[in-house]
Structure formats: structure tokens, C-alpha cells
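In what follows, a structure is listed as C-alpha cells, so that the remarks can point back to it.
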Amino acid sequence: MSDFTTWDILRNLLLATRWTLVLSLTSFIGGGIVGLAILFLRIGKSPLGRHFARCYVELFQGTPLLMQLFLAFFGLGLFGIDVPAWLAAGVALICWTAAFLVEIWRGCVESIPKGQWEAGQSLALNHVQQMRLIILPQALRIAIPPTAGFSVQVIKGTALTSIIGFVELSKAGTIVTNATFQPFVVYGFVALIYFAVCFPLSKFSKHLERRAAAAYATR
Amino acid sequence: MHYIFDFSWVWDYGPVILKGLFVTVELTLVGAVAGVLLGILCAWIRTLGPEMLRPPVAAYVELIRNTPFMIQLFFIFFGLPSVGVQLSELQAANLAMIINLGAYSCEIIRAGIEATPKGQFEAGAALALRPLQTFRLVILVPALQRIWPALSSQIVIVMLGSAVVSQIAAEDVTFAANFIQSRTFRAFEAYMLSTAIYLLFAIALRQLLNQMGRWIFPKVAAR
């Protein structure tokens, strides 16, 4: 057996971190797009759309992400597609991220005073125009801190994709452990790398939150 | 799509699924109770406790909140034996869930304590209560009442997160599903069933916690 230096371990883990970052970014952006579409259903006029959006959120927030990954992995296969792990991982994480973003953003939209809608109406704007010109620009400002905070959950969520065989930081940790028999060191490093990625994001979101609160207080 | 769903195996594997459900419930129960207690202790230290202990508790909270639960679990189960701490799958799973929920609930409870009006502390002092008595009798309960909904959702999140403990061979619902799919090759059906179980459990747990909130803090219902 060849010997692994600490640097060998760290280098392999850092190389795999790229895939954690790529998957996180994909899920976050994809989840944002899907989430926005479902948000419009959730706060829209159609009762059917609202009901669908509510069920969607309940389903994805009420089941483990791991189950969603398994179902995507085996479920997509039922359509006769040969499912690579990255595809199942991407699909499941996008759906999961969307469900949480819908709820976060819905809170932001609902926090806009009703008078703003009515003001739009009195200017003869239609529902879509009210949304686009009056509500969303204001809701967006409120939405930024919690959305940034949720990105940390997405990054941590990608760790589960290692279980369906997507090789990212956690999977690399398992592979390196199996080669080096040093789980304490390897998983310690893996945790520190996640921390190095997530902690600045957490701090940043806290900072945004505080700034938004201060802006609100001085109004 | 030419797929014929086959759930005929359910009766044969009923006991396996039930055992899995039992383990998931046990993990959730122990994790929730001990995790929240740990959270209360940490929140006390971070707000009113000895200053000396604050930095280490802050470090613990940030470290846990910024790393995946799965890595915490693997570190405890695979990593700790090399420094002489050998735990069984269930012990490791329980410990990981307590440590995880402890950190999250610390932050939630801390927010509740920090929202306490200053007059409450002064009222406690005026009644000649010692600081710890003030905390226990005057501060903690209203603080918990304030953040109960957030704490409830965090408990549900931790319960759903517990699906990962199957990876260290703790025999929970997910483990049962893995076992069934390896025997029957009915992967999609097995995971559909286990997903449904988690969904029902999540809904039931949320209802239970809401009821508990009403029971522990009767004033909320009266208001």
C-alpha cells in the first residue's frame, strides 16, 4: 500500500470540492427559476394553481431529501433513461430547493402592505403589472438576506448526493478514507472544507439581515 | 413507459418496515428531547451564562450549522473510534442528532431570549430571585413560547435528516427501504412507500408539536 501524505488527502478533497460547488450553483439557480414559477402559482389568482403549489411545497418539505434523490434516481430510470448520478442529483436538488425558496419568497411578497397592491390597482395596472412594477421590486429587497442564508442549506444538501454515487466532496471523503484508513483526519478535513465554504455565506447573510433591519428601523 | 408497479412484497416485509419506523421514531424522540435541552443550555451560556464559556459554545454552534449532518455523523461513527471512542450505529446516530439539533435550537432559543423585554429581568431581580432562578422561572418559558413554531419546524427538519443514518447501517425506515429493494429489486416502489411513511410522520409530528405547544403554553390558546 502506498502512503498518503496529508497534502495528498487535502488535494483530492479540494479537487472534489469543485463538484460540490458546481452542483450547489446549478441547484440554486435552477431551484430559483422553478421556485419563481411555482411562487407565481402560489400567490396567483387560480385556486387550482395555488392548491398545486401548496401540495408541491408540502411534499418536498415533508419528505427527506435523501428519499427525493432515490426516487429521482430510480424514478427517472422508469422512463427508460439511463440515469447518471449527476442528473438525478440535479433534478432532485432543484425540486427541493424550489420548494423552500417558494415559501421564503411567499413570506416576502406577503409582507408587502396591501395598500401597495391597491395603489397599483388605482393606477389601472393589471395583476401582472402590479406584481412586476410594484410588489416584486420591494419584495426582492426583503428576500435577499434569507435567500442568501438558504444557499448554505443547499450546499449542505449536496452532501447527500454522494449516496447515489455522485462524486463530490463527501463521496471523495469516503473514497479517500477507504484508501488511507484515516477517517478521523479525512472527515475532519471534509467538515472544515464545508465550513470554509458555508461560514462566509452564513456571515454574509447575517450581515445583509442586519443591514436590512437597520434600514427598516431608520425609516 | 412500460412499468408495472408491484407492491405485492409489502406484506412479507411488513415487520422490517415497522422496525424501521420504530427506530426512526426513537431517534427523533431522543434527539428532540436531548437536543432541545442541549440547546437551552447553550442558549443560556450564550446570553446570560459565564463569559468564559461563550466562545467555545459559539464555535460549536457555527461549526455544526455550517457542515452537513452526514459528515457530522460519519465523523462520529467512523472518525471517533481512531481516538478510542467506539459507538454502536444507534448510539452514533443518536449522538449526531442531539449535537445537530442542539446547535440549531441554541440559535432559535437564543433569539427568543434576546427578544425578552428588559423589564422581565428587572422584575425577576425585584422579586429577589437569583439570576438562574430568574432565567428558569421568568425568562425561559416565554422565550420558548415565542419561538415554539420555529423550534417545531427544526425538529421536523432533523427528523427528515435522520434518513441519512441508514448510511452507517442504523436500521431506520430508509435502511428498511434499502434492504427491501436489494431483495425484491423493486427500488422505486420501496422508496415510494418509505417516502410516504416519512411524509405522514412529518405531518403527524408537526400536529403533535402544535398540540404540545398549546398544552405547555396554555396562554397562547386563550389569547
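Given the structure is predicted, the values throughout are model-derived calculations rather than measurements. In what follows, every chain begins at residue 1, and chains take the letters A, B, ... in the order their sequences are listed.
Neither the backbone nor the side chain of Thr158(A) comes within less than 4.5 Å of any heavy atom of chain B. Neither the backbone nor the side chain of Met159(B) comes within less than 4.5 Å of any heavy atom of chain A. Of the two parts of Ser166(B), only the side chain, counted from C-beta on, holds a non-hydrogen atom closer than 4.5 Å to a non-hydrogen atom of chain A. Of the atoms belonging to Leu66(A), it is side-chain heavy atoms, and not backbone ones, that fall under 4.5 Å from chain B. Neither the backbone nor the side chain of Gln68(A) comes within less than 4.5 Å of any heavy atom in chain B. Both the backbone and the side chain of Glu62(B) come within less than 4.5 Å of a heavy atom in chain A. Heavy atoms of Val156(B) lying under 4.5 Å from chain A are absent altogether. Only the side chain of Ser162(A) comes within less than 4.5 Å of a heavy atom of chain B; its backbone N, CA, C and O stay farther away. Proximity to chain A is limited to the side chain of Ile203(B), based on heavy atoms less than 4.5 angstrom apart.
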Original post:
Can you check side-chain hydrogen bond (donor to acceptor under 3.5 Å, both in side chains) on Glu103(A) and Gln61(A), steps first, answer last?
Top reply: CA-CA 10 Å; Glu103(A) 278 305 279; Gln61(A) 288 198 358; 5.7 Å; no
Original post:
Stepwise, does the side-chain hydrogen bond (donor to acceptor under 3.5 Å, both in side chains) test hold for Tyr194(A) with Thr17(A)?
Top reply: CA-CA 9 Å; Tyr194(A) 274 111; Thr17(A) 307; over 6 Å; no
Original post:
Where do Tyr104(B) and Leu151(B) land on the side-chain contact (heavy atoms from CB on, under 4.5 Å) test, with the steps shown first?
Top reply: CA-CA 9 Å; Tyr104(B) 281 95; Leu151(B) 194 59; over 6 Å; no
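A ring-centre distance under 6.0 Å is not found for Phe189(A) and Trp7(A). Taking the ring centroids of Phe188(B) and Phe74(A), they lie at or beyond the 6.0 Å cut-off.
Classified by interplanar angle (parallel below 30°, tilted 30° to 60°, perpendicular above 60°), the ring pair Phe7(B)/Trp9(B) is tilted.
If you tally non-hydrogen atom pairs under 4.5 Å between each of Phe75(B), Phe77(B), Phe201(B) and chain A, the highest count goes to Phe75(B). Note on Tyr198(B), Phe74(B), Tyr191(B), Phe69(B): by heavy-atom pairs under 4.5 Å with chain A, the leading option is Tyr191(B). Contacts with chain A were tallied for Thr195(B), Val83(B), Leu63(B), Leu160(B); Leu160(B) has the most, counting heavy-atom pairs under 4.5 Å.
Put simply, the residue from Ile197(B), Leu29(B), Thr174(B), Val173(B) that forms a side chain to side chain contact (heavy atoms under 4.5 Å, CB included) with Thr24(B) is Val173(B).
Looking only at distances, a side-chain donor or acceptor of Gln72(B) sits under 3.5 Å from a matching main-chain atom of Thr67(B).
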